[in-house]
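Every chain is numbered from 1, with letters handed out A, B, ... down the list of sequences.
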Amino acid sequence: MAARVPASARAGGARFAQFKLVLLGESAVGKSSLVLRFVKDQFDDYRESTIGAAFLTQTIALDENTTVKFEIWDTAGQERYKSLAPMYYRNANCAVVVYDISQAQSLDKAKAWVKELQRQANENIVIALAGNKLDLVTENPSKRAIQTEDAETYAKEAGLLFFETSAKTSENVRELFTEIAKKLPLDQAGPRNIRSGPRAGVDLRPEASGTQGAGACSC
Amino acid sequence: MEESKESQKESGQAGNGQPSPESSKPRTPEQEARIPGNGGNGSSGTNVEGREEAQDNALVAETISRTVHSKDSSEIDRESSAETPPPLPPRPVNLESTDAQNTLHLSGKQARPKLQSHPTTAVSLTDISTQVNNEGIRETYPSTTGGLTSPLSVASQFNNRFGSPKSSETEDTASIKSYVPTLETGGDVESLLGEVLGNGQQDPAWRFMTAQGENQNAADELLPEDAAFEKDFQKEFKELEAINAEGTNEEAVLDAWTSRMKHFLILSAAGKPIYSRHGDDNITSGYIGIIQTIISFYQNADDTLKSFTAGDVKFVVLSKTSLYLVAISRLGESDGQLRAQLEALYMQILSTLTLPRLQTIFSNRPSSDLRRPLSGTEPLLSALADTFTRGSPPTLLSALECLRLRKSHRQVIDQTLLKTRTENLLYGLIVAGGRLVSVVRPKKHSLHPSDLQLIFNMLFETEGVKTAGGENWIPLCLPGFNNTGFLYMYVSFLSAKEDENEDESQRPSTSSSFNKEEEVAVLLISPKKESFYEMQQMRDDVVEQLQKNGSMDLIKAAVRRGRPHVTDVVPGTVLRHFLYKSKANVQFAMPSFEPHFKGLVARRKLLSIYHTLHANVHSKISHLKVHYCVSRDSISLAWTTPLFELYCVAGPSASRGALAQSANKVVQWARKEEERIFIIGGAVF
Ligand SMILES: Nc1nc2c(ncn2[C@@H]2O[C@H](COP(=O)(O)OP(=O)(O)O)[C@@H](O)[C@H]2O)c(=O)[nH]1
Ligand SMILES: [Mg+2]
């Protein structure tokens with residue numbers, strides 16, 4: 001394993017921050033697809049349900065000096081995994097709550113998740129609401145079950161970032177994660193942001209050791 | 001019938017119930033004798049637990065080996081005069097001479113043209129113990145009528161007289177615990193979760209020997225005519241269309257449904273559909289209603305419907321915890337084999353829910369819809385179902401296949417796992433190319449083949465985990481281990497092709513182009529749900545060490561090498577394929593399916609031959625030791641001893657002599673290679 005370089009060793013003002021992100025939302029809304037698009041730039045038209053939870057990482061460059069590494073928990077949306085969710089969001093710095101814009105009840109589920117996060121998760125957690133499968137609606141507007149304005153209004157009220165996304169076409173996927181990164185407390189990222197688990201929380205080290213994928217940011 | 005004195009003796013030794021009490025008993029020389037020798041390198045044989053009492057058998061075996069085996073005495077272990085090689089199949093000379101006295105002619109070339117005109121599988125039943133007693137080989141044609149008393153009554157006679165009816169089951173429920181030499185515990189399997197297994201909970205899915213002798217038909221069944229079979233089987237895995245709104249395609253869809261060769265249906269006792277491999281509710285609801293009616297008719301009469309046959313279709317029903325699991329098959333498996341497949345599906349359900357949860361759901365509301373709590377697991381059930389339909393050696397044998405590695409190489413891997421083991425680890429496994437490389441586990445805890453089947457199914461037969469793209473943390477119940485609680489499994493796939501020096505700052509991720517035959521996976525199972533990061537750290541340590549000490553390269557090379565061709569195992573052999581199961585190790589070895597069994601249909605036909613052989617040697621009324629089976633396409637042989645089961649298949653023009661000779665060679669090979677093709681010992685802490 002690479003030894004962690006202490007925060008003080010940061011070189012030339014380059015910042016490297018590491019954040020825990022959790023994806024929540026009803027089953028089949030496209031959580032895994034969003035992550036796979038973000039991490040590997042892939043999409044599958046037919047994807048089997050996530051079993052348990054998947055852990056992935058992706059590093060993006062916010063600007064020349066700033067690199068953010070996401071440690072992502074992609075959870076399964078099924079009811080029976082509900083009791084495990086706190087384990088994934090407890091130390092999360094940010095969350096993406098996903099619904100399917102062609103499925104009305106999926107927004108209710110998303111709202112319930114937001115509520116739970118606001119009650120139980122980190123006080124400073126950054127939450128983004130993602131209305132996924134935008135491509136379906138672009139193709140056939142009658143498929144839309146949730147109006148953009150309705151979701152947007154709700155997001156504003158609840159203090160969430162909001163995007164309509166398509167994992168299929170990539171629309172707004174990178175934007176979603178980049179905006180989250182921008183809202184995260186990069187400046188506070190440092191020794192006083194004590195890590196609660198071996199890999200949870202925020203970590204600083206020179207950009208050089210963790211820039212794989214950094215150049216991939218096209219925003 | 002074969003209820004001769006000799007076969008009584010055979011079954012008499014089988015009544016040794018659970019393995020654990022026995023393993024604490026001192027071993028007799030005879031028991032030791034049944035441990036395969038190591039071709040003279042003498043490093044095992046003293047520490048592997050023999051699992052069966054076989055004193056009579058050992059004597060029999062010895063006699064046989066003296067008579068039949070004299071030429072190959074070099075192969076007999078020299079360490080102890082009591083050590084006996086396994087019995088060998090009779091020399092073809094014997095067979096041919098005795099054939100002449102029997103009503104059924106099966107000897108080599110004479111018989112085959114005749115058989116070609118009959119679409120039945122000619123079967124010969126040969127009991128070695130009979131032969132040893134110079135009574136000649138009695139070949140019995142296991143016709144369905146054939147003057148048999150009721151198979152069930154015969155079976156129960158055996159059981160009453162000679163011990164537990166579970167005897168042959170325990171063989172296959174054997175866990176790694178029972179064959180690991182360093183293991184001394186003989187007591188209960190105590191769970192890390194604090195529960196103690198009851199006997200009933202140890203019922204793993206892979207019980208193929210529960211067929212209480214009712215599977216006599218299986219022996220006679222031949223696969224349907226080639227062309228039709230091929231056409232049907234190719235369609236077997238295609239999704240059915242849905243019936244359209246106007247119902248115009250209803251007939252076509254129903255036709256397609258009924259032409260499927262194998263169905264699995266699961267319904268609740270209240271008649272709610274839970275799962276069907278083929279077709280949606282519109283198609284299956286009618287059938288489900290009928291099935292439920294029939295089953296409950298019997299239940300009301302205080303009887304249990306277990307199976308029935310209609311034409312060439314066999315129905316087998318398993319009722320468990322308010323569930324009915326139904327298999328409908330035209331593939332010619334035995335009742336016992338189909339029942340074991342249903343058990344595996346049931347285990348999958350338990351693995352998702354645990355038994356107490358399942359019980360609560362139905363005791364709260366018998367009409368509960370189990371689909372909701374099971375949602376997302378249909379692919380797991382279907383993958384199991386399809387594995388059974390395609391035919392699967394590990395399932396048939398209820399044994400594991402290991403990656404062939406040098407003993408010293410495997411020891412290094414075992415040591416690495418032990419060294420890097422973290423506090424909350426229960427089981428650690430390295431799996432490569434779908435085969436087991438190494439296992440680390442606590443002394444007290446066994447790893448059950450049926451649990452491994454569920455894990456392998458999840459990892460290698462479905463996409464859910466593989467395509468998640470990273471590392472996985474999966475709550476699951478391993479019913480063989482403990483059906484009341486969840487464990488948590490960390491999974492990380494490394495590609496065999498992957499660059500050795502993965503970027504250290506980046507977490508491992510699953511490669512996008514996946515080839516089941518090439519993937520290496522690290523599985524770390526913990527009872528603690530919060531121990532993901534701990535397991536992740538161990539994974540990093542294990543992989544780092546394995547790379548450093550060269551083991552990773554060896555594993556990858558072994559995976560790339562693949563299974564040997566059958567002619568690499570036995571040069572010039574007539575064999576086209578074989579399965580060799582080491583009973584003590586609960587593991588099996590086989591050569592590549594290539595070049596003779598390329599493709600779905602060829603594989604299924606091969607597996608059907610194995611199913612038939614297996615059903616015959618495991619039918620409780622026969623106690624066969626050697627069994628030949630001749631069909632238009634093949635000549636095949638099953639040979640069982642207390643040490644191993646061997647099934648081999650040759651082309652139709654091969655002689656019995658050549659087949660038997662090759663079988664001998666395979667056994668020699670397996671004994672010589674034993675410590676490479678099997679995990680013996682493993683890493684125990
Ligand atoms: N058309 C379209 N389909 C999508 C999109 N995202 C996901 N899907 C599909 O929706 C299904 C469920 O996606 P998945 O990522 O497994 O959802 P999850 O259960 O929330 O992880 C899959 O068949 C995906 O192919 C999208 O943006 N557009
Ligand atoms: Mg998912």
Side-chain angles (χ1 to χ4, degrees), chain A residues 1-5 16 18 27-28 32-33 35-42 44 46-59 67 69-81 83-84 86-88 90-91 197-200 203 205-214, chain B residues 239 351-354 357 361 372-380 382-383 455 458-459 461-476 486 488-492 502-513 528-537 539-541 543-544:
Chain A
M1 292 259 338
R4 296 252 156 129
V5 181
F16 179 91
Q18 188 165 304
S27 185
S32 300
S33 299
V35 177
L36 266 280
R37 175 59 82 191
F38 175 54
V39 172
K40 301 195 165 188
D41 203 15
Q42 286 171 2
D44 274 330
Y46 180 75
R47 163 166 296 283
E48 282 181 13
S49 286
T50 308
I51 300 172
F55 181 85
L56 299 92
T57 60
Q58 175 65 307
T59 307
T67 307
K69 179 173 174 184
F70 285 111
E71 294 192 333
I72 303 166
W73 276 111
D74 171 23
T75 63
Q78 279 99 15
E79 214 40 51
R80 67 173 172 281
Y81 292 123
S83 64
L84 293 176
M87 192 165 90
Y88 301 113
R90 195 177 306 131
N91 299 314
R199 282 170 198 276
D203 185 22
R205 55 184 157 156
E207 194 182 354
S209 69
T211 47
Q212 210 239 328
Chain B
E239 285 305 311
S351 176
T352 308
L353 298 174
T354 73
R357 173 104 183 87
I361 290 173
R372 275 182 59 85
L374 288 179
S375 71
T377 64
E378 297 86 352
L380 296 172
S382 291
I455 293 173
M458 177 189 282
L459 300 187
E461 305 300 331
T462 65
E463 305 292 311
V465 177
K466 250 185 316 202
T467 61
E471 296 153 277
N472 299 274
W473 189 237
I474 301 167
L476 83 175
F486 283 105
Y488 300 85
M489 178 167 72
Y490 169 88
V491 183
S492 167
E502 72 179 46
D503 182 339
E504 294 191 345
S505 73
Q506 212 59 26
R507 289 305 313 162
S509 75
T510 307
S511 82
S512 41
S513 60
K528 273 244 171 66
K529 75 174 173 193
E530 309 261 349
S531 59
F532 172 83
Y533 293 107
E534 182 189 329
M535 298 303 134
Q536 189 184 53
Q537 184 63 53
R539 177 263 179 218
D540 288 348
D541 295 345
V543 172
E544 188 193 356

Original post:
So what's closer than 4.5 Å to chain A heavy atoms on B:Met458: side chain, backbone, both or neither?
Top reply: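 Side chain only.
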
Subject >> Toward chain A, the part of B:Leu374 with a non-hydrogen atom under 4.5 Å >> reply: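 Interface part for B:Leu374: backbone (N, CA, C, O).
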
Original post:
Is the number of heavy atoms from other residues, nucleotides or ligands within 6.0 Å of CZ (A:Arg80) greater than 12?
Top reply: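 Counting neighbours around CZ of A:Arg80, more than 12 heavy atoms of other residues, nucleotides or ligands fall under 6.0 Å, so yes.
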
At a 4.5 Å cut-off on heavy atoms, which part of [X] comes close to chain B: side chain, backbone, both, or neither?
{"X": "A:Ile51", "result": "both"}
{"X": "A:Ser83", "result": "backbone"}
{"X": "A:Ile72", "result": "neither"}

Original post:
Is it true that the side chains of B:Asp540 and B:Gln536 contain a donor and an acceptor less than 3.5 Å apart?
Top reply: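 No, no side-chain donor-acceptor contact under 3.5 Å.
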
Subject >> Residue selection (most heavy-atom pairs with chain B, distance under 4.5 Å) from A:Gly52, A:Ala54, A:Gly77 >> reply: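 The candidate making the most pairs under 4.5 Å is A:Ala54.
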
Subject >> For A:Ser32, all residues meeting side-chain hydrogen bond (donor to acceptor under 3.5 Å, both in side chains), sequence neighbours excluded >> reply: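 With sequence neighbours excluded, A:Ser32 shows a side-chain hydrogen bond (donor to acceptor under 3.5 Å, both in side chains) to A:Thr50, A:Asp74, given in chain and number order.
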
Original post:
What pairs with B:Thr462 under side-chain hydrogen bond (donor to acceptor under 3.5 Å, both in side chains), at least two apart in sequence or on another chain?
Top reply: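 Residues passing side-chain hydrogen bond (donor to acceptor under 3.5 Å, both in side chains) with B:Thr462: none at all.
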
**OP:** Sort out for me which residue in B:Thr354, B:Thr352, B:Ile474 forms a side chain to side chain contact (heavy atoms under 4.5 Å, CB included) with B:Phe486.
**Re:**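 Option passing the side chain to side chain contact (heavy atoms under 4.5 Å, CB included) with B:Phe486: B:Thr354.
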
